[in-house]
Amino acid sequence: FDHINKLVYGCISPRCDAALFKDHAKTLGYTPLLFHAVDREDQAIYHTNVMLGIQTTTAVICAEAITDPGERTMVIDSLKDSGRDVIEITYDQMNRFAANVLELASENGKHYLALSQQAYDAFDQSQRDRLSKDKDLLAFDVTTIETIGGGSVRCMLAENFLSDQGD
């Protein structure tokens, strides 16, 4: 989700039906952006957050997984048009959960990027510098979850947009 611009990105897969995705996005008041992405074995990537992570000022994406040039251009252009610094990662970095990250904010407005130690180590120094320009990187060792569970930090956390009124 790009909550700032009311866009939602979806990678079509057995877990993401295009018609349901569009309907849900519109119900929420978001514009749906659908695309296809595959892993190295040409299998559909099962969750968008495996290959795309959107933060306030940055976006991490395994663009090479979007094999259709038109779809790839649409997604990259949309992320850039939103003013984000687009950080492209490789399949190897994606497989080390580099896109499975989540930006968090404290009550005083300080921003953090929660990610696994494996994801942190997968980024090169230049990518870490770009990601940490306006937020601190918080790396956690979740080896067991990544090895056995198949997910990472983003999968373990939920976004909470409750108001101070307790909605």
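Heavy-atom basis, side chains included; hydrogens, waters and symmetry copies ignored.
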For [X], which residues count as a salt bridge (charged side-chain N to carboxylate O under 4.0 Å, His left out) partner, sequence neighbours excluded?
X     : answer
Arg72 : none
Asp23 : none
Asp68 : none

To the nearest 0.5 Å, what is the distance between [atom1] on [X] and [atom2] on [Y]?
X      : Y      : atom1 : atom2 : answer
Phe1   : Asn49  : CZ    : CG    : 11.5 Å
Ile4   : Thr56  : CD1   : OG1   : 5.0 Å
Ile12  : Ile45  : CD1   : CD1   : 12.5 Å
Leu34  : Cys16  : CG    : SG    : 6.0 Å
Leu7   : Asp81  : CG    : CG    : 10.0 Å
Gln117 : Glu146 : CD    : CD    : 10.0 Å

Name all residues meeting the side chain to side chain donor-acceptor pair (under 3.5 Å) criterion together with [X]; count only those two or more places apart in sequence or in a different chain, and write none if there are none.
X      : value
Thr73  : none
Asp77  : none
Ser106 : Asn108
Glu71  : His36

Restricting to non-hydrogen atoms, name the atom on [X] and the atom on [Y] that form the minimum distance, rounded to 0.1 Å.
X     : Y      : result
Ala63 : Glu88  : CB-OE1, 3.4 Å
Ile87 : Gln127 : CG2-CG, 3.8 Å
Ser82 : Leu79  : OG-O, 2.5 Å
Ala98 : Ala122 : CB-CB, 4.5 Å

Decide yes or no for [X] and [Y]: does some side-chain heavy atom of the first lie under 4.5 Å from some side-chain heavy atom of the second?
X      : Y      : value
Val75  : Leu33  : no
Tyr46  : Pro14  : no
Leu102 : Gln55  : no
Ser78  : Tyr9   : yes
Val60  : Leu131 : yes
Phe35  : Thr48  : yes
Val153 : Val142 : yes
Asp141 : Ser116 : no

Filter on salt bridge (charged side-chain N to carboxylate O under 4.0 Å, His left out), then keep only pairs touching [range], sequence neighbours left out; what's left?
range            : answer
residues 2-15    : Asp2-Arg84
residues 39-57   : Arg40-Asp92
residues 105-123 : Lys110-Asp136

With a 4.5 Å cut-off on side-chain heavy-atom distances among I, L, V, M, F, W and Y, is there a chain of contacts connecting [X] to [Y]?
X      : Y      : answer
Met94  : Val38  : yes
Leu113 : Ile145 : no
Leu28  : Val8   : yes

_Under the criterion side-chain hydrogen bond (donor to acceptor under 3.5 Å, both in side chains), I'd like the reasoning laid out for Asp85 against Thr58: C-alpha separation, chi angles, the key distance, then a yes or no._
CA-CA 5 Å; Asp85 179 11; Thr58 53; over 6 Å; no

*Could you tell me whether the side chain of Ser132 and the main chain of Arg128 form a donor-acceptor pair under 3.5 Å?*
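Between the backbone of Arg128 and the side chain of Ser132 there is a qualifying donor-acceptor contact (under 3.5 Å).
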
_Quick one: does any side-chain atom of Glu103 pair with a main-chain N or O of Ala114 as donor and acceptor, under 3.5 Å?_
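Answer holds: no.
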
*What pairs meet the ring-ring contact (aromatic ring centres under 6.0 Å, His included) rule with one or both residues in residues 92-151, with sequence neighbours excluded?*
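For residues 92-151: none.
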
*Any chance you could lay out the side-chain hydrogen bond (donor to acceptor under 3.5 Å, both in side chains) test for Thr143 and Gln118, step after step, and finish with the verdict?*
CA-CA 8 Å; Thr143 304; Gln118 180 177 199; over 6 Å; no

*Trace of the side-chain hydrogen bond (donor to acceptor under 3.5 Å, both in side chains) decision for Thr90 with Glu64*: CA-CA 7 Å; Thr90 65; Glu64 67 183 309; 5.0 Å; no

*Taking only residues at least two apart or on different chains, which pairs with a member in residues 24-33 satisfy side chain to side chain donor-acceptor pair (under 3.5 Å)?*
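Sorted result for residues 24-33: His3-Tyr30.
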
*Does the pair Ile61 and Ile76 meet the rule for a side-chain contact (heavy atoms from CB on, under 4.5 Å), with working shown?*
CA-CA 9 Å; Ile61 185 170; Ile76 296 292; 3.9 Å; yes

